[in-house]
Amino acid sequence: MSRRLAGAAALLLWASPGDAWVRSTTGSGLCLWWSTRQVHYAVNDFAASPAASVCSSSPSPPGGAAAAIDAVRTSFTTWAGAGGCTDMQTVEDGTTSSTATGLDCRNLVVFRRGQCQDLVPPDDPCRLWDVDGSATVNCADKYNCWDGDDPSHGDSRVIALTTVSYDAGTGEIVDADMELNAWGGSGPSPPGFYFTCLDPPAATCGAPGQSGCISVDVRNVVTHEAGHVLGLGHSEVSAATMYPSALSGETAKRTLDPDDVAGLCAIYPSGQPTNVCYGSGQVAPRPSSTCERSSSCGCGTAGAEGWLGLLALLLWRRKARYPLWP
């Protein structure tokens, strides 16, 4: 069956001595990887009543949704061809009205608009999603809200969450969705974070809703989360984009550190096969019978429906959380 694996930050492999980058892994230790060198993604178009506060402090035009979508685009582009030693590319498929983060072969970036506990009627069947499976949709997708009842979402310090679906037998990624825990536009923050799009040297905001300042920078967050989309885990290098926490007003993670570039290039070396099974400290690949790409599992922008019918119940999901330090 399809399963979710939370607490992903603990399931990491170290890179070789001298490097601190890590790869995300499956529960059995297989490295996560894409079989393609073009990872597509789409951004929610804010049609589903998003948090009006997102990037509202940006000059207009652009401001609000336009500024946020542009920031997401720039964040993914930062990883494309990083360092000249990888040919991995990210491809934007435009915007979508979808807020669904399920296994649909669409890698989605979506700003949640507040807490589900505040936005979902108490009698809505979606609340049964994680209880007995009787619901056909989860509340977060239906109401575009942050699900504080989900243990992987519940920590109030979590800025964003990337959920990666993969073939449990190979580690091949088939879907990756990114949720950002946006402030709902009223009350204290958190719950929810005040996302801004201004560039330095703007001052750090003192409270949510202030204009002309930087609070939780969209590019700082999305560039980090895009690393998870590509199969990277958390680094212990404090200057790295993949370091697992951020300060209010921080923008340093917009730019990749050499540690980030080394990790991406080790997984997807330019002109060479994807490094499927090497993790930190491993000097040889796993047996080919374990590492072969499964012909029964795949996902792409073309023929997605046909692939979905062949998933053969081998998919697992893992989540990587990104906390904010005060």
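Only a predicted model underlies this, so the values are computations on that prediction, with no experimental measurement involved.
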Next on the checklist: Restricting to side chain to side chain contact (heavy atoms under 4.5 Å, CB included), what partner residues turn up for Ala176, sequence neighbours left out?
Outcome noted: Trp34, Asn107, Val164, Val229
Next on the checklist: Which residues pass the ring-ring contact (aromatic ring centres under 6.0 Å, His included) test with Phe76, not counting sequence neighbours?
Outcome noted: Tyr41
Checklist entry - If you look at every heavy atom in Thr196 and Cys55, which pair is closest and at what distance? => result C-SG, 3.7 Å
Checklist entry - Is the closest side-chain heavy-atom distance between Thr251 and Arg219 below 4.5 Å? => result no
Item to check | Step-by-step side-chain contact (heavy atoms from CB on, under 4.5 Å) determination, Arg23 to Leu32 | outcome: CA-CA 7 Å; Arg23 292 185 68 168; Leu32 299 190; over 6 Å; no
Next on the checklist: Evaluate Gln89 against Val39 for side-chain contact (heavy atoms from CB on, under 4.5 Å), listing each step before the verdict.
Outcome noted: CA-CA 6 Å; Gln89 299 293 316; Val39 175; over 6 Å; no
Checklist entry - Just wondering, do Ser57 and Leu198 contact through their side chains at under 4.5 Å, heavy atoms? => result yes
Checklist entry - Given the rule in the side chain to side chain donor-acceptor pair (under 3.5 Å) test, do Tyr166 and Asp175 qualify, once you have shown the distances and angles that lead to the verdict? => result CA-CA 7 Å; Tyr166 57 86; Asp175 188 276; over 6 Å; no
Checklist entry - Roughly how far, to the nearest 0.5 Å, is the OG1 atom of Thr162 from the CG atom of Asp177? => result 8.5 Å
Item to check | Met178 side chain reached by Val110 side chain, heavy atoms, under 4.5 Å | outcome: no
Checklist entry - When you measure from the side chain of Thr170 to the backbone N and O of Glu172, does any donor-acceptor pair fall under 3.5 Å? => result yes
Checklist outcome for this item: Which of Asp199, Thr223, Asn220 passes side chain to side chain donor-acceptor pair (under 3.5 Å) with Arg254? Answer is Asp199
Checklist outcome for this item: Residues passing the side chain to side chain contact (heavy atoms under 4.5 Å, CB included) test with Ala82, sequence neighbours excluded, are Leu256, Val261, Leu264
Checklist outcome for this item: Paired with Ser235, the side chain to side chain donor-acceptor pair (under 3.5 Å) test is passed by just one of Thr241, Asp259, Asp257, namely Asp259
Checklist entry - Going through the checks in order, is the side chain to side chain donor-acceptor pair (under 3.5 Å) test met by Arg113 and Asn144? => result CA-CA 6 Å; Arg113 64 189 181 100; Asn144 192 27; over 6 Å; no
Checklist entry - Where is the tightest heavy-atom contact between Thr26 and Gly171, given as atom of each residue plus distance? => result CG2-CA, 3.9 Å
Checklist entry - Would a 4.5 Å heavy-atom cut-off, applied to side chains only, mark Phe193 and Ser248 as touching? => result no
Item to check | Residue pairs involving residues 237-274 (criterion disulfide bond (SG atoms under 2.5 Å apart); sequence neighbours excluded) | outcome: Cys85-Cys265
Next on the checklist: Are Tyr194 and Trp183 an aromatic pair, judged by ring center distance below 6.0 Å?
Outcome noted: yes
Checklist entry - Do Leu230 and Val43 belong together in a cluster built from hydrophobic side chains that touch within less than 4.5 Å? => result yes
Next on the checklist: Distance alone, cut at 3.5 Å: any donor-acceptor contact between the side chains of Asp141 and Thr101?
Outcome noted: yes
Item to check | Spacing of Thr255 atom OG1 and Asp260 atom CG [to the nearest 0.5 Å] | outcome: 10.0 Å
Checklist entry - Which pairs count as salt bridge (Lys or Arg N to Asp or Glu O under 4.0 Å) when at least one residue sits in residues 30-41, sequence neighbours excluded? => result Arg37-Asp87
Item to check | Separation between CG of Asp45 and CD1 of Ile69, rounded to the nearest 0.5 Å | outcome: 6.5 Å
Checklist entry - Can you name the closest pair of heavy atoms from Arg127 and Cys116 and give their distance? => result NH2-O, 4.2 Å
Item to check | Considering all heavy atoms, the nearest Arg106-Ser98 contact | outcome: NH1-CB, 3.6 Å
Checklist entry - Any salt bridge (Lys or Arg N to Asp or Glu O under 4.0 Å) pairs touching residues 68-78, not counting sequence neighbours? => result Asp70-Arg73, Arg73-Glu92
Item to check | Side-chain donor or acceptor of Tyr243 paired with backbone N/O of Lys253 under 3.5 Å | outcome: no
Item to check | Under 2.5 Å between SG of Cys145 and Cys139 | outcome: no
Checklist outcome for this item: Heavy atoms of Asn44 and Ser97 approach each other most closely as ND2-O, 3.5 Å
Next on the checklist: Could you measure the distance from the NE2 atom of His224 to the CD atom of Glu250? Nearest 0.5 Å is fine.
Outcome noted: 10.5 Å
Checklist entry - Is any side-chain heavy atom of Asn181 less than 4.5 Å from a side-chain heavy atom of Phe111? => result no
Checklist entry - At their closest point, which heavy atom of Cys205 faces which heavy atom of Ser215, and how far apart are they? => result SG-N, 3.8 Å
Checklist entry - Are Trp21 and Tyr268 linked, directly or through other ILVMFWY residues, by side chains that come within less than 4.5 angstrom of each other? => result yes
Next on the checklist: Within the structure provided, determine whether Trp79 and Met88 are in side-chain contact (heavy-atom separation under 4.5 Å).
Outcome noted: no
Item to check | Ile214 reachable from Val72 in the ILVMFWY side-chain graph, under 4.5 Å edges | outcome: no
Checklist outcome for this item: Value for NE2 (His228) from CD1 (Ile173), rounded to nearest 0.5 Å, stands at 11.5 Å
Next on the checklist: If you apply the rule side-chain contact (heavy atoms from CB on, under 4.5 Å), what do you find for Thr274 with Ser35, and how did you get there?
Outcome noted: CA-CA 7 Å; Thr274 297; Ser35 63; over 6 Å; no
Item to check | Side-chain heavy atoms of Leu180 within contact of Arg112, under 4.5 Å | outcome: no
Item to check | Side-chain touch Ile267/Leu232, heavy atoms, less than 4.5 angstrom | outcome: yes
Item to check | Shared hydrophobic cluster, Phe195 / Leu119 (ILVMFWY, side-chain heavy atoms < 4.5 Å) | outcome: no
Item to check | Separation of Gln210 CD from Thr204 OG1 (nearest 0.5 Å) | outcome: 10.5 Å
